[in-house]
Amino acid sequence: MKLATQDKPFFPDNFIEKLMMVKDLGFDAYEVDGNVLVNRFEEVEEAVVKTGVSISSVCGGYRGWIGDFQEERRRQALQDIEKILKCAGKIGAKGIVVPAAWGMFSLRLPPLVPPRSPQEDRAVLLDSLGKLDIIAERTGTVILFEPLNRYEDHMVNTLGAAKELILAGGFKHVQITADFFHMNIEEKDIARSIIECGNLIGHVHIADSHRYQPGDGHMDFVSGFKALHDIGFDGYMAFECRVLGDDPVVEYRKSVEYIKQCIAKVVR
Ligand code: LER
Ligand code: MN
């Protein structure tokens with residue numbers, strides 16, 4: 001199990017310096033924003049070569065959502081993701097993390113009634129994932145489809161729901177991103193859900209129970225990591241969190257150490 005991190009406000013902007021800091025903190029790779037990857041591609045490519053730190057994956061950085069209520073914005077998302085995946089494939093990143101939508105609608109917050117039926121949501125998502133499946137194949141990448149918690153998305157909240165859509169569509173280049181923060185809210189038993197998805201799990205996001213750095217909250221990472229180890233997961237776990245503490249660099253370094261200790265308990 002390899003570790004990656006998303007960007008942090010305390011990382012340098014220069015890409016070589018950024019990836020050097022990523023390595024120095026104890027990470028193997030960097031999860032890049034899609035817009036940054038496309039617009040600063042040469043710089044990112046040079047930094048990967050010079051530092052030996054790879055780009056594990058891409059997250060965000062496109063307009064609209066693959067399950068957008070507005071058709072035009074959905075098309076925009078698919079077009080932007082295609083551009084991002086061309087760059088991701090060239091640089092050796094596994095693929096892009098995509099939720100159905102983020103912050104578009106929640107069934108648990110007013111106005112409570114969405115403008116589209118669950119059947120229509122499903123048809124839209126199957127269509128988008130079908131189109132992305134073909135683009136992923138062409139670019140040598142994978143769509144890392146991510147269930148979000150009920151307050152951030154109303155369409156796909158659990159690993160099981162993501163798996164069901166992938167199997168229903170027969171997609172070969174769509175896998176699941178298992179995000180511990182969302183799983184902590186939505187899964188009855190995180191370890192069991194991971195086991196049930198098996199090799200459909202393609203990527204992992206980690207944060208502690210309060211979305212801050214791992215080790216600072218009350219998440220049980222070890223049982224989840226054991227399940228990942230049992231299914232033979234050999235992908236990246238990318239830190240997706242804010243960092244609490246007076247000195248965020250010191251705290252982030254401690255967090256990486258903490259996660260490495262959790263991994264050591266299951267990988268012997
Ligand atoms: C948002 O909470 C999240 O988990 C991101 O990975 C969005 O894709
Ligand atoms: Mn996530």
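Note that the structure is a prediction, hence the values are computed from the model and not measured. Just follow the structure's listing: the first ligand is 1, and inside any ligand the first atom is 1.
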Query raised in the report: Relative to each other, are the rings of H203 and H205 parallel, tilted or perpendicular (30° and 60° limits)?
Result: perpendicular

Query - Protein contact to atom 8 (O) of ligand 1 [nearest heavy atom, distance to 0.1 Å] - result: E146 OE1, 2.5 Å

Query raised in the report: Do F69 and H154 have ring centroids that are under 6.0 Å from one another?
Result: yes

Report summary line: Within 4.0 Å of some non-hydrogen atom of E240, the atoms of ligand 1 are 3 (C), 4 (O), 5 (C), 6 (O)

Query raised in the report: To the nearest 10°, what's the angle at the Mn ion (ligand 2) between atoms OE1 (E240) and OE2 (E146)?
Result: 180°

**Report entry** Ligand-residue contact atoms, ligand 1 with D179, heavy atoms, under 4.0 Å
**Finding:** 4 (O)

Query raised in the report: What part of W102, side chain from CB on, backbone N/CA/C/O, both or neither, has a heavy atom under 4.0 Å from ligand 1?
Result: side chain

Query raised in the report: Can you check whether F27 and F239 have ring centres sitting under 6.0 Å from each other?
Result: yes

Report summary line: When R73, R75, R74 are each screened for salt bridge (Lys or Arg N to Asp or Glu O under 4.0 Å) with D68, the one that passes is R73

Query raised in the report: Among H182, E152, H205, whose heavy atom sits nearest atom 4 (O) of ligand 1?
Result: H182

Report task. Just do the side-chain hydrogen bond (donor to acceptor under 3.5 Å, both in side chains) check on D216 and Y258 with the steps written out, would you? Result -> CA-CA 10 Å; D216 196 66; Y258 171 77; over 6 Å; no

Query raised in the report: Which angle, to 10 degrees, forms at the Mn ion (ligand 2) with OD2 of D179 on one side and ND1 of H205 on the other?
Result: 110°

Query - Atoms in ligand 1 with a heavy atom of P99 nearer than 4.0 Å - result: 8 (O)

**Report entry** Electrostatic pair R122-E164, nearest N-O below 4.0 angstrom
**Finding:** yes

Query raised in the report: Less than 4.0 Å between a side-chain N and a carboxylate O, is that true for E45 and K90?
Result: no

Query raised in the report: Which atoms of ligand 1 are found less than 4.0 Å from any heavy atom of R211?
Result: 1 (C), 2 (O), 3 (C), 4 (O)

Query - Q6 N/O under 3.5 Å from ligand 1 N/O - result: no

Query - For ligand 1, the portion of H203 having any non-hydrogen atom under 4.0 Å away - result: neither

Query raised in the report: Do F15 and F41 have ring centres separated by under 6.0 Å?
Result: no

